[in-house]
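Here's the structure, in structure tokens; my notes come after.
Chain identifiers are assigned alphabetically (A, B, ...) following the order of the sequence lines, protein sequences preceding nucleic acid strands; residue numbering begins at 1 within each chain.
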Amino acid sequence: MRTLTLSRNDLILLAGYTLVVLGGPIIMAPLGAGYPDLLQKFVIFGIFAVGFNILFGLTGYLSFGHAAFLGIGSYTAVWSFKLLTMNPLPAIVLATLLGGLFAAVIGYICLRRTGIYFSILTLAFAQMSYNLAYSVLTPITNGETGLQLVQSDPRILDAAAGRDYGAVLPSSDLFGIPMNGYPGFYFCGVVSIVCFYLAIRIFRSPFGLMLRAIKSNQNRLNYTGLNTQPYALAAFVVSGMYAGLAGGLLAVVDPLAGAERMQWTASGEVVLMTILGGAGTLLGPVIGAGVIKYFENIFSAFNEGILMAAFDFLPEPIQHLMVNVTSLFVGEGWHLTLGALFMVIVIFLPGGLMEGFNRLSALVAGIVRGRRDGASARGA
Amino acid sequence: MDAILLQILNGLDKGGAYALIALGLTITFGTLGVVNFAHGALFMLGAFCAVSVKALLSLEQVTEDATQLTAWGTPLEVRVPYVESWFGDFGTVLLDYSVPVSILVAIPVMLLIGVVMERGLIRFFYKRPHADQILVTFGLAIVLQEIVKGAFGANPIPQPAPDVAKGMIDFGVAVGMDAGNVVYPMWRLVYFLFSVAVIAGVFAFLQFTTFGMVVRAGMADRETVGLLGIDVDRRFTIVFGIAAMVAGLAGLMYTPILSPDYHMGMDFLVLSFVVVVVGGMGSLPGAVAAGFLLGILQSFASMNEVKSILPGIDQIIIYLIAVIILLVRPRGLMGRKGVMEH
Amino acid sequence: MGILSVRNVNKRFGGLKALDDVNLEVEAGTVHAIIGPNGAGKSTLLNCFVGRLEPDSGSVTFDGMSLLGIKPHEINQAGVSRVFQTPEIFGDLTLIENVMIPAFAARDGAFTLNAWGLVTTHGEIRARALAMLTDVGLADQAERPAGQLSRGDKRRLELAICLVQNPKLLLLDEPTAGMARADTNNAIELMKRIAGRGVTMVVIEHDMHVVFSLAEKITVLAQGAVIAEDKPEKIKGNHRVQEAYLGGAQL
């Protein structure tokens, strides 16, 4: 099976990713992030960003509406819990399929335009979905309250299998393993490893090459006999499926779905994750998602008390000043940090953190080489 | 008939706001080639100019009146705004007219904000891809709205219209219908007239001044204008300042209709982008026409008769129209060829 | 009838008549040059061959199939490749990737969802691309990003992109524009080699040196109309051509 083999570097990448995910609880512990709720977010939003990157990073089409597919995934998964079974597998499969289906329809329309027109079309569709979820579709989405499980849900498959959850509100479980806490994290983690592997395959395939060619020179591609539209649409659908899956997983670990997941700020967030890490790179979006979810968690948890303690070593007036300044950026002000981060990255590091790493390692390599050259010159 | 008239009137003020924001967006895009996602934030900043002016004018002097006692036996506190104690009746008028009065403050403030924004950030993005421009201004928009949230809180802050414009006018009587059929809030009419005046002002400025001529030439062909030896940079800055001012004034005057909060800009921005796209990127008349058109269509879609046939249509009408327009007329109603197609 | 046949083609831009009843036959296996002063309508004509412009009237057929109203990628799939005036290449991709893309397009068609097998497992495509790069003298730079190439090398790369598809018809829009003399001579050599393999070529060119070293037949356009069509040596002596070009001076 030669077609199944990845190059050595990609295998190392995949192995490294697998290791970090599986060892997550231990690796992230020193950073104060070694608990399941946050780890789940890392891998779920990692999936979202990796999928988004297949569209934005490879083809250069900037979608401002991918949160719609995330939301659709969540609603689908919750409905699967309500109607079918509390088993997460049908939920995520259906979430992925529905995400892909909606992406196919929306993508088909939006991809008739390029550039900013495409971005605005996707934004328009996402806002439409969001508005509809809040208003007319309330029977499906439960409007502002959000879609929740109730004890009296039919769950026909569970009922057929003779499972009765009794008087308690059921939580999703994989053949008896509850999907919250660490088991939930590992479930999402394994899914994310599969997703990451598939992303590597797509990146290295002729299909991926065509997608990169779209970003590089669409004109040349057309005159080279390739039809860009179906390629871009396929990328759009794949990224929509990733988003749907991520939305489904969010519902698996916490079975409720709300329209705010579809808001365009949520679409902006996945754009930020992707460019923060490095659009077009394999690892970048995962890192971007991790960094943002980590800081969101840390920063929004800060309150005045913690800040006062942190600046305790300073004289009192300065302490108060520092607390006042920093409190703008933490807690409720986390979004300010996010916006500032957005700007800083776009201004100074358009290639994202991955480019930063590469520049840094090139710099280090340069210094090392310089030293060695200097040493050999002295030796001669 | 009267129902239709009423819906058209209802759409005019919203349409005016869309048109004003879209006008600035399309000018900045046409001359500077920049897609500014922070334009909605400028609308919001303008609205908060009104909030700030009102707050300043309402600062109160507290005196104790020993001759009167409260129910608890303490001296009655008398609160008088400083402006009233200083200027007497004029102060009262000033406070009543705080929204229009704040225009005087907003003009220099918004110009300054625009100039600082262009010099400090936007100009570094003229040659960057549109995606980068979108992303950096999106970031800026978040920063601006979070700062406002930090300073003014998250809740909407109602701004009263001046007393004379608070009432309703019976528009139906004016056009010969029965009284009470088409009653319309006065301030909305004021807003509509104001937006028409500003739009006319912008068009006159572009049409009749040399500066405006250069700007229009720049919108038609940016490179050539640069080659003419005209100091394009300085003009870009001013253009951006004017666009910021127009957006700011649009937001400021809108405050009696919609109590401003920190994220009002984003809501309007998304819609205004749709307006620009529908009108045709880079087309000024297109932006204005599309602004009013969408405003009016939106108000028609909110009619109960329409909603009962097409539930939810009021929520999506604008986006739906944008989608249809973009597919049928890719360049918008009045767009030019080759603008922003790659 | 030739492999490319242009009949009564007209094209107006506003009040300007860009193409005025143009007729043209390109014989299979020949190099056919289209020359003419600036604004004669050469590029307009070429754009009508590749689906970029649609003539107002007339017909363009290639190998018995109409080229009007179909998309650029369909025209390419029919066997027509085009070299642009300013080289159009994939600047972010490596040279080998630049040439593998058209090789995939030629083998797999306009769209295949080839997302599972890796690029590296398509050995024969890579070999073809590498051979093509060797042919144009760029094999040693195969792993470099194409954006870093010099202008002359970009042109070679673009030729490689077109040739790896084994086109039946190769359209060249001023292939030596902006090149130094030495580079031009190299390019002529390369194009002669290509022509020697029996590829039909249509060349738009300003440089008479290039035209007369390559072309077997020349069509002269002036103000959108064909004023002469003949063998090179006859064109040299054609009075009307000299008139159009130089106001009567000898070519």
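Side-chain contact between R220(A) and F84(C): present, with at least one pair of heavy atoms (C-beta onward) separated by less than 4.5 Å. Here the side chains of N219(A) and R52(C) are in contact, with some heavy-atom distance below 4.5 Å. Here the side chains of F90(C) and N217(A) are in contact, with some heavy-atom distance below 4.5 Å. In this structure the side chain of R204(A) reaches within 4.5 angstrom of the side chain of L118(C), judged on heavy atoms. Counting only heavy atoms from C-beta outward, the side chains of N222(A) and K71(C) never approach each other to under 4.5 Å. Side-chain contact between Q229(A) and F111(C) is absent, with no heavy atoms from C-beta onward closer than 4.5 Å.
When the shell of 6.0 Å around OH of Y108(A) is examined, it contains 12 or fewer heavy atoms from other residues, nucleotides or ligands. R197(C) CZ: more than 12 foreign heavy atoms inside a 6.0 Å radius.
Looking at I161(C), the atoms closer than 4.5 Å to chain A (heavy atoms on both sides) all sit in the side chain, from C-beta outward. Proximity to chain C involves both the backbone and the side chain of L221(A), based on heavy atoms less than 4.5 angstrom apart. If you measure heavy-atom distances from I75(C) to chain A, you find no contacts under 4.5 Å at all. With a 4.5 angstrom heavy-atom cutoff, A213(A) touches chain C via backbone and side-chain atoms both.
Taking each heavy atom of H73(C) and N227(A) in turn, the nearest pair found is NE2-CG, 3.2 Å. Smallest separation of non-hydrogen atoms from S216(A) and G91(C): OG-N, 3.2 Å.
Between the side chain of T224(A) and the backbone N or O of P102(C) there is no donor-acceptor pair closer than 3.5 Å.
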### Query
When you look at Y231(A) and L113(C), which way does the side chain to side chain contact (heavy atoms under 4.5 Å, CB included) test go after all the steps?
CA-CA 8 Å; Y231(A) 279 105; L113(C) 197 57; 6.0 Å; no
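When H122(C), E97(C), M100(C) are compared by the number of non-hydrogen pairs under 4.5 Å with chain A, E97(C) comes out ahead.
Annotation: residues 343-363 of chain A contacts chain C through no residue [non-hydrogen atoms, separation under 4.5 Å].
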